[in-house]
Visitor: 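I'd like to ask you about the structure that follows.
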Amino acid sequence: MMSLRNILTLIVVLGSLLPAYWMGISMIEKHQHDLLVEKELKLANSTKGIRDTVEKELLFNANLTQWYSKDRLMVQGMHNVLYSSVVRPKIEDFDELSSSISAAYIIDRDWQPMYEINGSMYHLEKSKLLATVRGAQDLYEKGLTFHTSYNDENLVLDGGPSGIVFVSPLLPYTLVPEAYYEPQGYIMVLVSYEDLAKLSRPFLYQQESVSFQYGKLNKLGYNANRFVTYLTLNKEGFASPVELTIIHRISDVERNKELAQSKEQMIRIIIVALCVTLILAILVTRWLIQPIKEIEKVVRSFRRQIRPEINPHKYQFSEFKQLVSLIDSLWQRVTKQMDQLEIRNTALREANQQVQDTNLQLADFNQRLENTVAEQTAELRASLAREEQYQSRLMTLIHFSAAHTGVSYHDIPNVINSGLETLFPNYGIRFGFAKPDSQTVITLTSSEGNELGYFDCDVLALSCDDTILFELLKKLLHAWLELEDFARRDKLSTCLNRTAFDSDFEHAKAEMQNKSSDFLAVLIVDINGLKTLNDNYGHDRGDTLIVKSAQLIRSALSDRQYLYRIGGDEFAIVARECNQAQLRQLMADLARVQNGQWIDLNDDEQYPLTFSVGGASSETESLSQLISMADSDMYRNKRKYYDISDAAIL
Ligand SMILES: Nc1nc2c(ncn2[C@@H]2O[C@H](COP(=O)(O)OP(=O)(O)OP(=O)(O)O)[C@@H](O)[C@H]2O)c(=O)[nH]1
């Protein structure tokens with residue numbers, strides 16, 4: 001932003017320089033115009049000066065010529081030995097009187113050259129000039145002066161080769177018009193153009209020249225560098241007026257140089273005038289802006305919050321004094337009000353700080369409250385989700401436990417495992433009727449001690465909810481499996497019953513056909529002499545025999561070999577992975593376990609516990625023939641038993 005000081009400086013400087021500049025330009029233009037006029041005037045004056053000088057000189061020379069032609073001593077000296085000695089001094093005086101006479105000849109009445117000044121009589125005698133001037137004899141006899149031009153370099157020894165010639169007859173008489181005279185001789189004066197040009201030199205600039213032509217030349221074409229004037233010299237005693245063409249060759253270079261020098265001088269003067277004006281303008285500006293600078297100082301001081309020292313004598317103008325005084329009073333009022341405002345602001349800042357502190361505390365409290373609410377909400381949401389998931393799993397469990405209808409016994413593990421995968425997808429819990437080879441087996445046992453099935457499950461890995469859910473599942477399954485087991489169990493012997501045998505044997509055959517097991521063996525066991533015991537000691541004793549027989553048979557079996565009571569005193573064993581050799585071993589074991597076995601009838605009576613065993617393995621028999629072959633084998637062994645018994649009794 002421009003300051004008032006700069007604008008004022010600009011106005012003063014421009015206001016003073018611009019008029020001076022315009023005035024200077026106008027002066028230069030006027031001066032140039034004057035110079036051009038002066039140039040024309042000088043040119044005209046030069047030409048006039050040349051013409052006047054030449055005219056004056058020629059007139060002077062003509063006068064001298066005529067005057068000397070009437071000098072009595074010279075006329076007498078022409079043909080008089082006594083006076084002849086005065087001719088030369090006379091002619092020498094003549095030469096001294098005129099600065100422009102190039103040569104002068106004195107010629108006798110017979111046109112014989114006699115004296116010369118700066119000439120050659122020899123050459124004059126032979127020159128055309130002499131012949132020419134002789135031709136004007138009738139003019140001489142009238143006492144007139146003849147004039148012509150010459151162009152012969154030999155006629156003037158020290159001077160120009162061309163010029164004007166004046167010839168006047170030497171007459172001892174006073175001239176009377178229309179009278180005839182007899183010339184006593186002739187005086188011939190040669191004025192060279194070169195000498196006339198020397199006389200014109202003061203009127204010429206360097207590189208300018210002037211030349212002369214005898215007569216009036218009208219055929220000169222226009223040339224801007226040439227100024228032509230005509231001189232007509234008419235004098236009493238001349239045969240005719242002398243006409244001379246003066247050709248002044250002008251040099252514009254020199255004249256323009258003079259103009260340029262004059263213009264340069266004028267410009268210098270104007271520049272000096274402009275500088276002086278500028279200095280004056282600066283001085284005036286400094287004087288004018290002094291109070292403005294003082295006001296600026298005052299304003300800067302106020303801006304720095306410092307009250308300046310105000311000196312009224314530094315201001316030339318009363319307006320500035322009033323302005324500074326006004327600013328000072330305003331500043332005092334503003335300072336007072338600012339102090340009051342500062343006090344209020346301090347109070348407001350403190351109040352604001354308190355509000356901010358309170359707000360911060362509130363914000364902190366809100367934040368903590370929000371965090372607590374968010375945490376509790378998240379916990380609640382998670383709890384609800386867990387509850388929902390738990391309920392969903394419970395519902396799954398309920399649906400699962402309620403969907404037992406129509407499931408065959410051998411499909412039960414598949415159904416249970418499917419349910420386990422749904423309920424405990426992350427734990428890999430498995431269920432089966434066969435005991436797995438694992439460290440984490442959980443056995444499901446019936447209320448009567450029968451093993452209903454096996455879980456392969458790491459209970460410790462289960463979460464609290466999953467443990468509860470698993471226990472619930474176990475209980476539900478326990479009820480289901482116990483019911484199934486009850487249906488498959490013979491009450492008396494606690495062995496599996498005939499229904500279970502039919503089902504299990506069909507399942508075992510199916511496994512064989514699916515190649516999931518190598519061999520299958522079936523054994524038929526029939527108790528010996530049950531009818532006799534029943535008949536003689538009652539059914540209770542018979543039941544005891546059945547129960548103890550079942551216990552003995554079971555003691556000989558492994559985990560993969562199952563015992564079934566398929567008739568009153570008849571049992572069946574289904575043995576998986578059992579070839580012919582293993583079958584023989586099992587039959588041997590069954591024979592071994594019954595050795596020395598009996599039941600007590602009373603204190604001193606016992607009844608032998610024996611049974612006949614027959615078996616068949618799929619290694620040697622077809623599956624469809626296994627039971628009948630085992631049965632046949634058992635009867636064969638029973639007959640052997642009785643044969644041996646009968647033989648012993650007999
Ligand atoms: N105490 C008792 N007897 C039964 C039971 N079921 C069937 N019996 C009897 O068992 C007897 C079987 O007779 P048999 O087939 O001749 O058998 P056995 O007397 O052992 O003769 P062998 O088989 O040839 O050795 C019948 O008298 C049946 O009444 C039962 O649950 N309890």
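Just follow the structure's listing: the first ligand is 1, and inside any ligand the first atom is 1. Because only heavy atoms are used, hydrogens play no part in the values below, and waters and symmetry mates are left out as well, while side chains stay in.
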Visitor: Which ligand 1 atoms are under 4.0 Å away from a heavy-atom of Gly529?
Guide: 20 (O), 25 (O)

Visitor: Cation-pi between Lys491 and Phe486: NZ/CZ under 6.0 Å from ring centre and within 45° of the ring axis?
Guide: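 Yes; both conditions hold, so Lys491 lies above the ring face of Phe486.
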
Visitor: Heavy atom of Arg541 under 4.0 Å from ligand 1?
Guide: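 In this structure, Arg541 fails to qualify as a contact of ligand 1 - no heavy atom is under 4.0 Å.
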
Visitor: Between Asp569 and Lys531, is the closest basic N to carboxylate O distance under 4.0 Å?
Guide: no

Visitor: Does OH belonging to Tyr21 count more than 12 external heavy atoms closer than 6.0 Å?
Guide: no

Visitor: For the rings on Phe470 and Phe455, is their centre-to-centre separation under 6.0 Å?
Guide: yes

Visitor: Students should be able to answer this: which protein heavy-atom is nearest to atom 7 (C) of ligand 1, and at what distance?
Guide: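 The closest heavy atom on the protein side is Gly568 CA, 4.1 Å.
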
Visitor: Among Thr544, Leu530, Asp543, Asp540, which one puts a heavy atom closest to atom 10 (O) of ligand 1?
Guide: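 Selected option, by shortest heavy-atom distance: Leu530.
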
Visitor: Checking a contact table here: which protein heavy atom is nearest atom 21 (O) of ligand 1, and how many Å away?
Guide: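 Minimum-distance protein heavy atom for atom 21 (O) of ligand 1 reads Tyr642 OH, 3.8 Å.
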
Visitor: Given Val547, Asn528, Asn534, which has its nearest heavy atom closest to atom 9 (C) of ligand 1?
Guide: Asn534

Visitor: Are any of the side-chain nitrogens in Arg430 or Glu421 under 4.0 Å away from the carboxylate oxygens of its partner?
Guide: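 Salt bridge present between Arg430 and Glu421.
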
Visitor: Counting heavy atoms only, which of Ile546, Asp526, Asp569 is nearest atom 5 (C) of ligand 1?
Guide: Ile546

Visitor: Looking only at protein heavy atoms, which one is nearest to atom 2 (C) of ligand 1, and how far off is it?
Guide: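 Here the nearest protein heavy atom works out to His539 CD2, 2.9 Å.
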
Visitor: First locate atom CZ of Phe431, then atom SG of Cys457, and finally report the distance between them rounded to the nearest 0.5 Å.
Guide: 12.5 Å

Visitor: Distance under 4.0 Å to a non-hydrogen atom of Gly542: what atoms of ligand 1 satisfy this?
Guide: 1 (N)

Visitor: Checking contacts here: is it the side chain or the backbone of Arg639 that comes within 4.0 Å of ligand 1, counting heavy atoms only? Could be both or neither.
Guide: neither

Visitor: Specify the protein heavy atom at minimum distance from atom 14 (P) of ligand 1: its residue, its atom name, and the distance to 0.1 Å.
Guide: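 Minimum-distance protein heavy atom for atom 14 (P) of ligand 1 reads Lys531 CB, 4.0 Å.
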
Visitor: Classify the ring geometry between His507 and His410 as parallel (under 30°), tilted (30 to 60°) or perpendicular (over 60°).
Guide: parallel

Visitor: On the six-membered ring of Tyr409, is Arg488 placed so that its NZ or CZ lies under 6.0 angstrom from the centre and within 45° of the ring axis?
Guide: yes

Visitor: To the nearest 0.1 Å, how far is atom 31 (O) of ligand 1 from its closest protein heavy atom, and which atom is that?
Guide: Arg565 NH2, 3.3 Å

